[in-house]
2 protein chains.
Amino acid sequence: MHPLTPLRGPSLAALAAARIRDAIITGELALGEALSEDRLASALGISRTPVREALTALQMQGLITTQPQRGSFVFDPTEEEMAELCEFRLVVETRAMWLSHARDRIRLVEELEAAQARMDAAIAAGDRIGWAAADAALHEAFLTNCGNQFLVQAYQLISGRISAVRTRLLGPPDNQSRSVEEHREIIRAVAGGQLMQAETILAAHVMQMRPRYRTIVLAPRLAAEAGRAGGPRVRRAR
Amino acid sequence: MHPLTPLRGPSLAALAAARIRDAIITGELALGEALSEDRLASALGISRTPVREALTALQMQGLITTQPQRGSFVFDPTEEEMAELCEFRLVVETRAMWLSHARDRIRLVEELEAAQARMDAAIAAGDRIGWAAADAALHEAFLTNCGNQFLVQAYQLISGRISAVRTRLLGPPDNQSRSVEEHREIIRAVAGGQLMQAETILAAHVMQMRPRYRTIVLAPRLAAEAGRAGGPRVRRAR
DNA sequence: ATAAACTATATCGTATACAATTATTACTAT
DNA sequence: ATAGTAATAATTGTATACGATATAGTTTAT
């Protein structure tokens, strides 16, 4: 295939970015949590320089916000931002679905089904992180072969945030079966060439994230704050 | 309006990013040209640290590419990449036009006409850079009030590259009047609520960039290389 | 003359040190 | 007790130094 593999080790900055990104997505770092360059550097066993580079990269992906002389904070969307996020996500995913289907629908369906299989396995094993990862992979399957690198980049602009929020919403088992069933329906529609129908289901599926975010993430937080009995007080962005 | 203005000076890294970005857009730095962190730092009178930060930011905007241990290079799109760039640009601009029109069409038309006026003035004054800037402002007017920050971010993913290429295409005076006339038609259609028509003109207008890029940028370069009489040999990415 | 090996230079990647800014705490006066 | 103030700690922003790697030029052997 390729003439010769690159064979270059990733830089510490890239490794740090990947590691921190993972920590945010899996929930190891909480939404809104303050990040100290010093502590991150110590924790990762490297100096602050590559950590800073990683943080600027993560900032571009919207996973953190940095305030001058104050610190960096894990992103922490309001409900309105969540709505915009979903809206944008839907635009990009939908367009990518059409492009991808037009280019190579066999491959598209294959990848969708592969992700679906991984998801089933993760659910059966009770692996929540694996489930979330497979969910992300399923939706990203629309992008991988859409043929426009800029559409992919546009999706990367939000995919991290989507993944991070998704992890936090993997709660109520009653939603599991529903979500799984919607995925199946989407795949079935795409495989059958019923893209308009797939679009409809996809829209409903994607837009569910907003109310669920409010119920599962925002509401408990407000309740805790009202009762002043909130857990450990964390430094947050304002 | 705002409770209190931030009143914080921008960091050296931000200043450097803006300065280098400007140099790329105005043509002070050539497409494909090699950039040395050391030389940039000396030229800007700062250390390498903020320069590196600026370069990572510019890389995210697609204005440069960085190769490990080799250097950074100003972006230098192939014709295919240029086509994808235009395609994506059209998708985003069109969608933003509809959203913006629905939200506040009065303001949209105002901003379009303001940019148009700036453009006329720049052309009359023979200010090519000013012309290009006004052209960019006109198209960005669709974005500024579309109400979705992520659409704006998606546009920023490519707007720098678009601006940089535009500067290089400001050549043949015969295209000037045509481009100006198209802008007028777009504004007229938007003001009249004829968005479908505006979309059609916008599509033609945006897509012209690809063939013009081939003719004005790519073709002369190939000719020079064939004759081996090319100007000063510059280090380029491979 | 050509190709291979070696040296020198340029460039980036990372660590560390210091300065500037912000937040927190302790303290004092009312 | 509360508001204001000064001292302290924590944090980022920038500069500098050093090592690692890639490129270019030079030398040498065939």
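By convention in this document, chain letters (A, B, ...) are assigned in the order of the sequence lines, proteins followed by strands, and residues within each chain are numbered from 1. Worth saying up front: this structure is predicted, and the values here are computed from it rather than measured.
- D:dA15 atom P lies 6 Å from atom CD1 of B:Ile46, rounded to whole Å.
- Contact between the side-chain N/O atoms of B:Ser47 and the OP1/OP2 oxygens of D:dA15 is found at a separation under 4.0 Å.
- Positionally, the nearest nucleotide of DNA chain C for B:Asp38 lies more toward the 5' end than for the other of B:Thr49 and B:Asp38.
- In this structure, CD of A:Gln67 is placed 8 Å from P of C:dA23, rounded to the nearest angstrom.
- Every residue two or more places apart in sequence or in another chain that forms a side-chain contact (heavy atoms from CB on, under 4.5 Å) with B:Arg161 is listed here: A:Phe150, A:Gln153, B:Leu63, B:Phe75, B:Leu85, B:Ile158.
- As a whole-Å value, the separation of B:Arg70 CZ from C:dC12 C1' is 12 Å.
- When the side-chain nitrogen and oxygen atoms of A:Arg52 are compared with OP1 and OP2 of D:dG13, one or more of them lie within a distance under 4.0 Å.
- Between the CG atom of A:Leu15 and the C1' atom of C:dG13 there is a distance of 12 Å, given to the nearest Å.
- Atom pair A:Leu55:CG and C:dT14:P shows a separation of 14 Å (rounding to whole Å applied).
- In this structure, the side chain of B:Thr94 does not engage the main chain of B:Val91 through any donor-acceptor pair within 3.5 Å.
- The interatomic distance linking B:Leu35 (CG) with C:dA10 (C1') rounds to 15 Å, in whole Å.
- The CG-P distance, from B:Leu12 to D:dT12, rounds to 17 Å in whole Å.
- The residue A:Leu40 sits apart from the nucleic acid: no heavy atom pair falls under 4.0 Å.
- Listed nucleotides: D:dT23, D:dT14, C:dG13. Nearest to the side chain of B:Glu37: C:dG13.
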Problem - Check against salt bridge (Lys or Arg N to Asp or Glu O under 4.0 Å), A:Arg210 and A:Glu84 - result: CA-CA 9 Å; A:Arg210 177 186 175 170; A:Glu84 280 184 44; over 6 Å; no
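- Remark: the backbone N or O of A:Leu169 is not paired with any side-chain donor or acceptor of A:Tyr213 at under 3.5 angstrom.
- The nearest whole Å value for the distance from the CD atom in A:Gln69 to the C1' atom in D:dT14 is 10 Å.
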